[in-house]
Every structure is written in structure tokens, then in C-alpha cells.
Amino acid sequence: MSTGRTDRDRVACWLLTACGVWLVGLGIYFIALRPPLLPEDPRFMGSTLEQLRQAAPGLESWLRIVFTVMGGYMVGSGVLTLFAARVAMPRRLAGTAWALAFAGLATVGLMSAMNFALRSDFRWVLVVPVAIWIAGVAAFVVND
């Protein structure tokens with residue numbers, strides 16, 4: 001049995017590396033740049049931004065805290081994904097495929113599904129990381 005890395009292994013590692021970088025970037029966006037309410041949020045709730053501000057005056061400052069925490073979790077997930085892609089995948093450590101598959105389902109998969117449920121303006125864009133994640137895990141598993 002050859003211990004050298006195949007082209008599929010390299011592709012799998014780079015695809016999951018891209019997903020890890022994307023998660024870190026998305027987390028930084030949530031921490032530093034994302035507004036508490038996007039234009040689609042009041043629309044989903046059947047309200048206006050002004051109505052929400054009157055009904056819940058502290059909502060935006062509370063959401064700022066929530067999104068900072070959520071962004072931190074995204075950054076952490078991205079760092080762990082990068083570690084798995086750059087260290088565990090090349091070594092073909094036992095359980096790597098399952099861990100990456102479950103992590104993708106719980107992170108980018110769930111986020112994409114919820115954005116479809118919300119009819120988010122970003123729902124179709126958020127399918128891309130899911131497709132990349134699936135392709136990366138599939139390329140890795142094919143070589144098992």
C-alpha cells in the first residue's frame with residue numbers, strides 16, 4: 001500500500017482548507033462587520049425596523065453580543081477545520097472523515113438550511129460552502 005498522497009487527497013485537503021478559511025472569515029464578519037439586523041430580518045418577521053426598535057429597544061445591542069459570540073464560534077470552527085485539513089487529513093487519522101462530515105453538517109449545512117427556511121437573500125450563496133465541503137469530504141473518502 002502506498003503512503004504517498006494522491007491528487008484526490010490534495011484536492012480534499014485544499015477544499016477543506018478553503019472551508020476553514022471561509023469559516024474564519026465569516027466569523028470575523030459576524031464579530032466586526034455584520035449589522036444586528038439585515039434588511040431581510042424585519043421582512044421575515046412581517047415588521048419594519050422602526051417597529052422592532054419600538055417594541056424591543058435593546059434588541060440591536062443584544063444581537064450585537066449574540067453575533068459576536070456566534071462569530072467567535074465560527075472562527076473556532078474554522079481554525080479546527082483548518083487543523084483537520086492540514087494535519088489530520090494528510091495523515092489519514094482514523095475518524096477524520098466522520099468528524100469533518102459531521103462538522104460540515106452542523107456548521108455550513110445547518111446554516112444553509114436555515115437560510116433557506118428564512119428565505120434569506122443569501123440562501124443561494126450559502127449553498128456554495130456546503131457543496132465545497134461535501135466535495136472535499138467525498139474526495140477524501142474515495143481514497144479510503
Side-chain angles (χ1 to χ4, degrees), residues 5-144:
R5 291 177 63 192
T6 67
D7 287 341
R8 277 199 189 110
D9 281 340
R10 285 182 197 77
V11 168
C13 289
W14 280 107
L15 289 172
L16 271 295
T17 295
C19 289
V21 169
W22 182 80
L23 276 170
V24 169
L26 187 64
I28 291 168
Y29 164 76
F30 268 74
I31 291 167
L33 301 172
R34 189 195 189 283
L37 290 167
L38 297 171
E40 66 191 36
D41 296 331
R43 183 175 64 232
F44 176 80
M45 292 182 261
S47 187
T48 66
L49 184 56
E50 192 51 46
Q51 289 171 328
L52 289 173
R53 284 179 175 149
Q54 287 177 353
L59 178 64
E60 289 173 288
S61 59
W62 175 74
L63 285 173
R64 179 75 266 143
I65 293 168
V66 168
F67 289 137
T68 298
V69 171
M70 192 164 71
Y73 273 89
M74 289 175 186
V75 170
S77 294
V79 168
L80 289 173
T81 300
L82 284 166
F83 176 80
R86 306 312 296 170
V87 176
M89 289 178 77
R91 290 183 175 91
R92 298 201 142 275
L93 298 178
T96 299
W98 285 107
L100 285 169
F102 186 72
L105 180 64
T107 57
V108 297
L110 186 59
M111 180 175 55
S112 181
M114 291 303 99
N115 274 274
F116 272 89
L118 295 170
R119 298 184 46 96
S120 167
D121 296 341
F122 305 100
R123 64 187 178 266
W124 291 107
V125 173
L126 293 173
V127 170
V128 173
V130 175
I132 293 171
W133 202 292
I134 290 169
V137 171
F140 182 69
V141 169
V142 166
N143 286 331
D144 269 350

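Note: hydrogens, waters and symmetry copies are ignored here, and every other heavy atom, side chains too, is used. In this chain, residues are counted from 1 in sequence order.
- The shortest distance between side-chain heavy atoms of S77 and T107 falls below 4.5 Å.
- Residues A84 and L100 approach most closely at CB-CD2, 3.8 Å, considering heavy atoms.
- Around atom CH2 of W22, more than 12 heavy atoms belonging to other residues, nucleotides or ligands sit under 6.0 Å away.
- Identified under the salt bridge (charged side-chain N to carboxylate O under 4.0 Å, His left out) test for residues 20-39, with sequence neighbours left out: R34-D41.
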Solution key, residues 108-122 side-chain donor-acceptor pairs under 3.5 Å, sequence neighbours excluded:
| from | atom 1 | to | atom 2 | distance (Å) |
| --- | --- | --- | --- | --- |
| S112 | OG | L126 | O | 3.4 |
| N115 | OD1 | S120 | OG | 3.1 |
| N115 | ND2 | M111 | O | 2.8 |
| S120 | OG | E40 | OE1 | 3.3 |
| S120 | OG | E40 | OE2 | 2.9 |
| S120 | OG | F122 | N | 2.9 |
| D121 | OD1 | R43 | NH2 | 2.7 |
| D121 | OD2 | R43 | NH2 | 3.2 |

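- Contact annotation: the side chain of L23 approaches that of W133 to within less than 4.5 Å [non-hydrogen atoms, C-beta and beyond].
- For the pair R92 and F140, the minimum side-chain heavy-atom distance is below 4.5 Å.
- Residues F67 and I31 have side chains not in contact (no heavy-atom distance under 4.5 Å, counting atoms from C-beta outward).
- No side-chain heavy atom of R53 sits under 4.5 Å from any side-chain heavy atom of L59.
- Of all non-hydrogen atoms in Q51 and S47, the two that sit nearest each other are OE1-OG, 3.0 Å.
- Environment of CZ in R8: sparse, with no more than 12 heavy atoms of neighbouring residues, nucleotides or ligands closer than 6.0 Å.
- Contact detail for P90 and A85: the closest heavy-atom pair is CD-O, 3.3 Å.
- Here the closest heavy-atom approach between residue C13 and residue M89 is recorded as SG-CB, 3.7 Å.
- Here the closest non-hydrogen pair linking A97 and V137 is O-CG1, 4.2 Å.
- The OG1 atom of T81 sits 13.0 Å away from the CZ atom of R86 when rounded to the nearest 0.5 Å.
- Rounding to the nearest 0.5 Å gives a distance of 10.0 Å between SG of C19 and CD1 of I134.
- Atom OH of Y29 has more than 12 heavy atoms from other residues, nucleotides or ligands within 6.0 Å.
- In this structure, L38 and P35 approach most closely via the heavy-atom pair CD2-CG, 3.7 Å.
- Taking the side chain to side chain contact (heavy atoms under 4.5 Å, CB included) definition, one finds that L82 meets it with T17, V21, V24, sequence neighbours left out.
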